[in-house]
Amino acid sequence: MLRVFNTLSRTKEDFQPVVPGKVGMYLCGPTVYKPSHIGHMVGPVIFDTIKRYLTYSGYDVTWVVNITDVDDKLINESNARGIPMSAVAEEMTTDYKNNLAAMGVDTINVFPKATDYIQEIIQFTSDLIEKGFAYESEGDVYYDVAKFSEYGKLSNRTLEQMSGEGGGTADRKRSTFDFALWKSAKPGEPSWDSPWGKGRPGWHIECSVMSCSLLGETFDVHGGGLDLQFPHHENEIAQSEARNGKPMAKYWMHNGLMQASNEVGKVGGRKTREAGSEAKEGDLASQEAGKISKSKGASAFRDLLKKFQPENIRFFLLSSHYRRPIDYSEERLAEVGKGMEGFYRFFKRYEELTGESFYDLTAPKTRADGDAFESSAQWGAFDEFGAHVKGLRARFIEAMDDDFNTAGGIGVLFDFLRALNKFVEDQKLAESPNPAALDALRAGATVFKELAQTLGLFRAPVPEEKAADDALVEPLMQLIIDLRRNAKKNKDFATADEIRDRLKALGVALEDRPGGVCVWSRE
RNA sequence: GGCGUCGUAGCCAAAUGGCUAAGGCAACGGAUUGCAAAUCCGUCAUUUACCGGUUCGAAUCCGGUCGACGCCUCCA
């Protein structure tokens, strides 16, 4: 039974969608005014994994991620750069989507833009005024927080608790905590006609409108970063539930935030900004030293992609539980990358043994198919290995069923890797390939792939950095390896070792395998 | 000040009442190898910040102490 932690109840609940078999999922996406940094990838990678696992579990999932393309920050950026707001939005949306693609996040069904829903937003706002939950004030429209008795239920706070703190002046608002549904336009600002004059939507309203329009008045999963819990999600609930008179979402899921290691506060957090340090913008090294001055802290994600394989980053994000904050550092990323090498080596080994690519294996796409595969697989004389594989699969599913424990699942994947390698060793497959044993290995690798694909991992070969001159290098390497083999035959180990050592210094590794085979690779 | 989270080995990180406290990185033995690399086997937390309590039983629940954070203001 799949269980998920619901912020509303602050407990793990059995997962039962509103409509059996179907899941509607909404994730608050970015405001597209600056290039995304690694923090922006946390939610998408986690919810992509959640969608994969729900799909694996037999659900038909529709996933929506909004793009906020109208907002004060966008207007500022547009003015600063002297280009239209829409141009800023378009550029940053492309950056965002490129980053998602690199991370393997390709399961999002709809990317609605706020500016495509202006009429619906106006209608929604009118409805709230009509129902007495909102009021107009000098061209602005505000939500009247006092009218919504359940205000604060998500973030567990009450208006009484909040009153007494500083806050700004109420100016056009009845209460400091009222928030804008519609903002009147100042001269020169992008605007749309409305019953209250020219203006633009407030920040929270678009999510209520678009989620309702695309997923219905009550949908299953609403996600986002922990920082959005208040006020953003609280306000969404106030808007949607006041208008529709029913719960907005059944399960609210919040992911922990990325923090810079050795750093006070999260990446781009308030404290780091107030620290007022003088680090160079976007400099990862200075960021790790704990000096972030850029308002968004981290450097652009697209720059990080130049230093690390996308899959390395994805693996890193999934290697701790989604609700916990992640400490970011390049050291951590590199350490995770080191751990991943064992998997890649096994895939290579698998290919050498079977003549087939691991990546071409057809793995069961759903849990039910996996159950069927598991019981029909030909373990032959290797039923002990088969039983081991079954146990591993059960452990993996148990971890993922428990609020998407990807860290636990990855732990099982490492155990699985050892089991696979041990089978190859025990059966001496490299020395004497035995068709029946290779079938069992293939079955084991298939189950491994079935599990890994729910995490969105090991879907395609990591692109090798083929240098332009490989057409020459390949035969040259064969020449060197042949000469070294002759040296070894003559017991001239000094020469053989010198060749290996000097190649190593050039960044080329030689590995001797059983049967006198030698393989080389760039490091 | 209000609400909330966290503190597990040298580092990272699972497990939230009950079999031996997963797994990774690092380190150290052994098998294998001409030597390496890779792989496999083994060692690496009598104990979960600290103190006290509840319980037959606690890393897990309760109270306190210390420490690190988040939100309350734009943020994934």
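- A/Arg500 contributes a side-chain N or O that forms a donor-acceptor pair with the base of B/A36 under 3.5 Å.
- Across A/Val65, A/Val221, A/Asn66, A/Asp220, a single residue satisfies side chain to side chain contact (heavy atoms under 4.5 Å, CB included) together with A/Tyr26, and that is A/Asn66.
- Contact annotation: A/Arg513 side-chain N/O to B/A37 OP1/OP2 distance is not under 4.0 Å.
- Neither OP1 nor OP2 of B/A76 sits under 4.0 Å from any side-chain N or O of A/Asn255.
- Atom NE2 of A/His321 and atom P of B/C6 are 11 Å apart (whole Å).
- For B/G34, neither phosphate oxygen OP1 nor OP2 lies less than 4.0 angstrom from any side-chain nitrogen or oxygen of A/Lys489.
- Under a cut-off of 6.0 angstrom, the local environment of CD in A/Glu352 is crowded, with over 12 non-hydrogen atoms contributed by other residues, nucleotides or ligands.
- At the phosphate of B/C6, neither OP1 nor OP2 sits under 4.0 Å from any side-chain N or O atom of A/Arg323.
- The C1' atoms of B/A26 and B/C62 are separated by 38 Å, rounded to the nearest whole Å.
- The C1' atoms of B/A37 and B/U32 are separated by 12 Å, rounded to the nearest whole Å.
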In dot-bracket form, how is RNA chain B paired, counting a Watson-Crick or G-U wobble pair only if both its distances are under 3.5 Å and using | for bases paired to another strand? (((((((..(((.....[....))).(((((.......))))).....(((((..]....))))))))))))....

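- B/G34 has its base stacked against the ring of A/Phe493, the centroids being under 5.5 angstrom apart at an interplanar angle below 30°.
- To the nearest angstrom, P of B/C12 lies 9 Å from CD of A/Glu335.
- Rounded to a whole angstrom, the distance from the C1' atom of B/A68 to that of B/A49 is 11 Å.
- Atom-to-atom, CG of A/Leu455 to P of B/A14 comes out at 14 Å; the value is rounded to the nearest Å.
- Remark: side-chain polar atoms of A/Asp14 are not paired, donor with acceptor, to backbone N or O of A/Leu2 under 3.5 angstrom.
- When the P atom is compared between B/U20 and B/A27, the two are found 31 Å apart, to the nearest whole Å.
- Contact annotation: side chain of A/Asp512 to base of B/C35, donor-acceptor pair present below 3.5 Å.
- For the residue pair A/Thr31 / A/Asp71, no side-chain donor-acceptor distance below 3.5 Å is found, with atom types taken as modelled.
- For A/Asp227 against B/G70, no side-chain N or O and base N or O form a donor-acceptor pair under 3.5 Å.
- Regarding A/Gln259, its CD atom lies at a distance of 16 Å from the P atom of B/A76, rounded to whole Å.
- Taking side-chain N and O atoms only, A/Asn405 has a distance below 4.0 Å to OP1 or OP2 of B/A15.
- On the P atoms, B/U5 is 38 Å away from B/U43, given to the nearest whole Å.
- To the nearest whole angstrom, the two C1' atoms, one in B/C40 and one in B/G10, are 25 Å apart.
- Between A/Phe423 and A/Phe382, the ring planes are perpendicular. Angles over 60° get that label, and only those under 30° would be called parallel.
- At distances below 3.5 Å, at least one donor-acceptor pair connects side-chain atoms of A/Tyr143 with backbone N or O atoms of A/Ala238.
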